[in-house]
Amino acid sequence: MSAPTKSSDAARDEARRKHESLTQLDVSRTLRAYQREWFAGLRENVFEGGKPYAVVGALVPHEILEALDVPFITDVWYSGLVAARRQSGYYSNYLDKCGYHRNLSRYAALTLAVMLDEENPDKPWGGLPKPSLLCTSINERSTEVMSAFSGAPFIPIEQPVLDKPTPEWWRMSRWQWEDLDGDYRIDALVAQYQDFIAAAEKIAGKRLDLDRLREIMDRVNAQEEFFDEIRTIIATSPKLPARLGEVMGQVMGIQWHRGTQWAYDQARAFRDEIRHRADNQMWACPNEQYRLMYVGQGLWQNLDFFTEFEEKYGAVFVRSNYLSIASDGYIRYGARDPIRALASRYVTMSEQMHIPGLGSAWAIDEARTHRVDGGLSIAGWWGVKTVNQALEEAGIPVLDFPVDAVDGNTWDDAKMRALVSRFIEDRVAPSKARKAF
Amino acid sequence: MHTLKPGTAFGKLVFHYENRLSEARKAHAAGRRVVGRIGHTVPAELIVAAGCTPVLIAADLERATPVADIYVDPELPPETRTLFEAGVAGDFEFLDYLILSRPYDKLYYFLKEIYRLGRAPKMPPFMIFDLMQSQREAVRAYNWGRLQALVERLGRLASAPLEADAIRFAINLSNRARAMQRQVADLRQNGRISGVDAMQALGAGYFMHPAEYAETLGAYIADVKASSARRPSGPRILLATAEPLQQLMLHQTLEADGATVVAEDDNWGARAPGEDISDESDPLVAIFDKYWRDVPTSGVYPQAAREHWLLEQAARAEVDVVVFYVPPSDRLMGWDIPRLTETMRQKGKPVLTLFHDAMTEKGRNNIRQELAALASSLSQNTPSTQEARR
Ligand code: SF4
Ligand code: SF4
């Protein structure tokens, strides 16, 4: 194992240049500018000013921290930064060196690795100061390690089992969520959120204002409605108006700041730009032949990978979980009690994409509405097999892509490209030809 | 150390340990209602109180899983795959009802779906008893609500609400078995029972009627006390595991060259009895406390509660080495291993962490090699033999 070297800096620059040249959307540039600005604020307040901050999981109620003005970073998002700098291999190895075996999930734990590795200064943002509060799923056992290391209290979130699964959940989630989720399950999260709120109030030095929280909830709903429109435009336009890597980057870039005025404005600008491109037939790949969907976690270590099949096959990736879950999973109307609405938002969050039946019904519906010819599915998350099986049974060929979503060690560019090429030639093209016939 | 012959009390325990559904099938054939439980956190006492025969449904890890391989992801525990296969194949058809516990939530989802698709028509009706294992006040109300729902469901199965007296009676039955199981633990510490024998004597309790089990176990204990069997001279092992120890393979491997497993942090072994269920309070409250607070599942939180028993046992002089069994299927315990290893080191307890899979021959060979290396380093460090140290 070697520390990152000059040559990896060069590789990073090269990747950045290539990424720049593939950028089609103006909002990609404004997003980057905002991220720089936001990060400057974080540096000033937290890194230099010593203001307490929280490290949280993706599925905990960020809205509460937002309402309390507690700065926070999300573990998987920071892991994504590590991956984007092509350092996931290095930090994954670092966890090995600390004695954490290979089969433990590295997805969120790269953040921990950056914190533990006190010697190597080559880190996203130069590393992370010790946080003051931790909140993740109770199954994210690595957070206990982070808590012991940093001394920050850990509020775990234990999800109640979905005892009455409803396959077509997205048809109920906006208004009928008390029935969909079960009031007792919502209660279970509300009780745990009280602990989280108490801990967050302590470091914020003020009480949670429910009116402010309600406003934030409303803004999140409005933001996700823009995403919903974007999804509809992408699904129904003759060809793809924006590349998936850019769409995913945009969606997640906004989602991590959901509830803020900036996020709302950015989502609207994003919607406007997509609509403009569609209205003016500005297609990502004018020679579009095959529409592929992408099932599962993001391929964050190589978002530009999606564009590589445009030239050779006219194959575009039109759909990922990220945009679609934003509208189907997040919107909760009727937030008289904003904490209940929040609990409903998160009580099955992300699991509805994994749970057999729920995940497959959704994937099939998405494939049909997006007129998809084939799917690429990243291995390594539970539930993927039933989703793939269901898609295949519905006549949609699926490539089971054998790579960890963020682990740079498992990425072999030539091999990956060959796999997808063969899949398009051997399965997608014949299947599409059959259907046309 | 397999000294007790068939026909003895031990022979009967072994029979039920090996023929896990035999008693339940007999009850079914005799027209009694049988309720399966997947996982140890489903209160058997409530099933007994409902007039039904409880039976633990355990995975047969050696079973081929052609159907499960289509649907169930490889990163899920091997147990999930084999139990799914059993459900689809119709193994549970004779059950009147099946209750899964929280650690089997994924299995629950997969079974729900395969049934919905019409591809597992022989599944009996089933539910999940979702008792959260973290010991925080925040989950109390939810857990209590889940227990109420279970009691109500069993009442409907019995066609009459569960009576407090019936629950109390069932509690007394199971406490009697617990008392006997604790005696087994003592005899192990004294080197009178091998790990392999103890696992069978303890595990049989999940498949027999509690009254018959307590009686048989009592007879076995008397036989052991009367015998002159002695422990081999290898190291005495305290075992902590990332996978439930529902098979003997790991124990057989560890004990093959003279070591003895004296306790394991698992429901299948030394932690089978735990504390008695209180007979002083409301019986339902007593069951609630027992199954929420006194279980060795991986979901227990905080860490201190999860590791309390292990650390207490590791401090005993009768333990020569702590073995962590962390097979490739582990997704959780590995996060504790470096810290636990350090804790043991500070306490002067040798540690052996096994990352191999005892279900494969290669894994078993590696385990034997690593244990042998450790045993020889242990005996070099101490002038006298292990036996003399007792
Ligand atoms: S795989 Fe599932 S749980 Fe993990 S980050 Fe993606 S959506 Fe969330
Ligand atoms: S394949 Fe043709 S149309 Fe598509 S991106 Fe490449 S050059 Fe443009």
Side-chain angles (χ1 to χ4, degrees), chain A residues 95 98-105 109 112 138-148 154-165 167 183-185 187-196 351 354-361 379-390 393, chain B residues 68-76 80 100-102 104-106 108-117 127-134 136-143 145-146 149 242 298-299 301-303 306 326-339 341-342 353 355:
Chain A
L95 290 172
C98 297
Y100 302 110
H101 68 73
R102 267 280 131 175
N103 293 324
L104 299 170
S105 167
L112 169 69
I138 201 164
N139 300 324
E140 205 59 77
R141 189 71 64 85
S142 61
T143 314
E144 287 186 24
V145 179
M146 198 186 285
S147 174
F154 171 35
I155 310 287
I157 301 292
E158 223 163 349
Q159 303 285 126
V161 173
L162 181 63
D163 56 340
K164 297 186 177 69
D183 51 4
Y184 49 97
R185 294 179 66 242
D187 292 343
L189 269 203
V190 168
Q192 297 178 64
Y193 285 2
Q194 299 302 349
D195 287 352
F196 178 54
E351 297 230 298
H354 301 233
I355 294 173
L358 279 69
S360 34
W381 52 282
W382 75 270
V384 65
K385 275 184 165 252
T386 35
V387 171
N388 292 355
Q389 178 70 18
E393 287 180 18
Chain B
D69 294 343
I70 298 170
Y71 296 97
V72 183
D73 308 280
E75 41 275 304
L76 293 175
T80 307
L100 284 76
S101 60
R102 178 174 172 87
Y104 296 86
D105 59 341
K106 308 283 190 302
Y108 177 75
Y109 295 142
F110 280 97
L111 285 174
K112 275 294 233 198
E113 175 62 1
I114 201 75
Y115 187 78
R116 182 181 77 97
L117 292 173
M127 71 175 282
I128 186 148
F129 173 52
D130 185 23
L131 194 73
M132 291 181 177
Q133 297 294 305
S134 84
R136 303 176 293 160
E137 280 309 298
V139 306
R140 176 186 289 278
Y142 177 76
N143 278 351
R146 297 302 86 210
S298 63
Y301 177 92
Q303 187 185 297
R306 190 163 72 235
V326 194
S329 58
D330 172 56
R331 298 291 179 274
L332 223 47
M333 192 179 177
W335 291 112
D336 293 331
I337 292 297
R339 180 181 42 77
T341 305
E342 184 51 33
T353 304
F355 292 107

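Heavy-atom distances place the backbone of B:V72, and not its side chain, under 4.5 Å from chain A. Heavy atoms closer than 4.5 Å to chain A are found in the side chain of B:Y108, but not in its backbone. B:Y301 touches chain A through its side chain: at least one heavy atom from C-beta onward sits under 4.5 Å away, while N, CA, C and O do not. Only the side chain of A:Q389 has a heavy atom closer than 4.5 Å to any heavy atom of chain B. For chain B, no part of A:Y193 is nearby; none of its heavy atoms comes within less than 4.5 Å. For chain B, no part of A:Q194 is nearby; none of its heavy atoms comes within less than 4.5 Å. If you measure heavy-atom distances from B:Y109 to chain A, the contacts under 4.5 Å come from both the backbone and the side chain. Interface remark: B:L76 contributes side-chain atoms only to the contact with chain A (heavy atom separation under 4.5 Å). Contacts between A:V145 and chain B at a heavy-atom distance below 4.5 Å involve the side chain alone, from C-beta outward.
Interatomic distance, CD of A:E140 versus CZ of A:F154, reported as 8.5 Å (0.5 Å rounding). Interatomic distance, CG of B:L111 versus OG1 of B:T80, reported as 9.5 Å (0.5 Å rounding).
Interface remark: of the candidates B:S329, B:P338, B:A149, B:A138, B:P338 forms the most heavy-atom pairs closer than 4.5 Å to chain A. Interface remark: of the candidates B:R136, B:Q133, B:M127, B:R136 forms the most heavy-atom pairs closer than 4.5 Å to chain A. For the set A:I355, A:L189, A:L358, A:L95, the count of heavy-atom pairs under 4.5 angstrom toward chain B peaks at A:I355. Listed options B:G145, B:P328, B:P302, B:G299 were ranked by heavy-atom pairs under 4.5 angstrom with chain A; first place goes to B:P328. Per-residue heavy-atom pair counts under 4.5 Å with chain A were compared for B:R306, B:M333, B:R331, B:R339, and the maximum is reached by B:R306. Contact tally against chain A (heavy-atom pairs below 4.5 Å) for B:L117, B:D69, B:D336, B:V139: the top residue is B:D336. The choice from A:A390, A:A188, A:S105, A:A148 that makes the most heavy-atom pairs within less than 4.5 Å of chain B is A:A188. Of the listed residues A:S360, A:P160, A:P165, A:C98, the one with more heavy-atom pairs under 4.5 angstrom with chain B than any other is A:P160. Of the listed residues A:E158, A:Q159, A:K164, the one with more heavy-atom pairs under 4.5 angstrom with chain B than any other is A:E158. Among the candidates B:T353, B:I128, B:L332, the residue making the largest number of heavy-atom pairs closer than 4.5 Å to chain A is B:L332. For the set A:D195, A:L162, A:V384, A:V190, the entry with the most heavy-atom pairs within less than 4.5 Å of chain B is A:L162. When the candidates A:G383, A:G357, A:A109, A:P156 are compared by the number of heavy-atom contacts under 4.5 Å with chain B, A:P156 comes out ahead.
Looking only at distances, no side-chain donor or acceptor of A:N103 sits under 3.5 Å from a matching main-chain atom of B:D330. Here the side chain of B:D130 pairs a donor or acceptor atom with the backbone of A:V161 at under 3.5 angstrom. Between the side chain of A:E144 and the main chain of B:Q303, no donor-acceptor pair closer than 3.5 Å is present.
Within the 4.5 Å cutoff, no side-chain heavy atoms of A:K385 are placed close to those of A:P356. Considering only heavy atoms from C-beta on, A:L112 comes within 4.5 Å of B:W335 through its side chain. A 4.5 Å side-chain heavy-atom check between B:S134 and A:I138 finds at least one atom pair inside the cut-off.
Judged by the 6.0 Å and 45° rule, B:R146 forms a cation-pi pair with A:Y184.
Minimum heavy-atom separation, A:H354 to A:W382: ND1-O, 3.1 Å.
By the salt bridge (Lys or Arg N to Asp or Glu O under 4.0 Å) test, A:D187 is found to be paired with A:R340, residues two or more places apart in sequence or in another chain being considered. Remark: A:N139 engages A:S137 in a side-chain contact (heavy atoms from CB on, under 4.5 Å) (not counting sequence neighbours).
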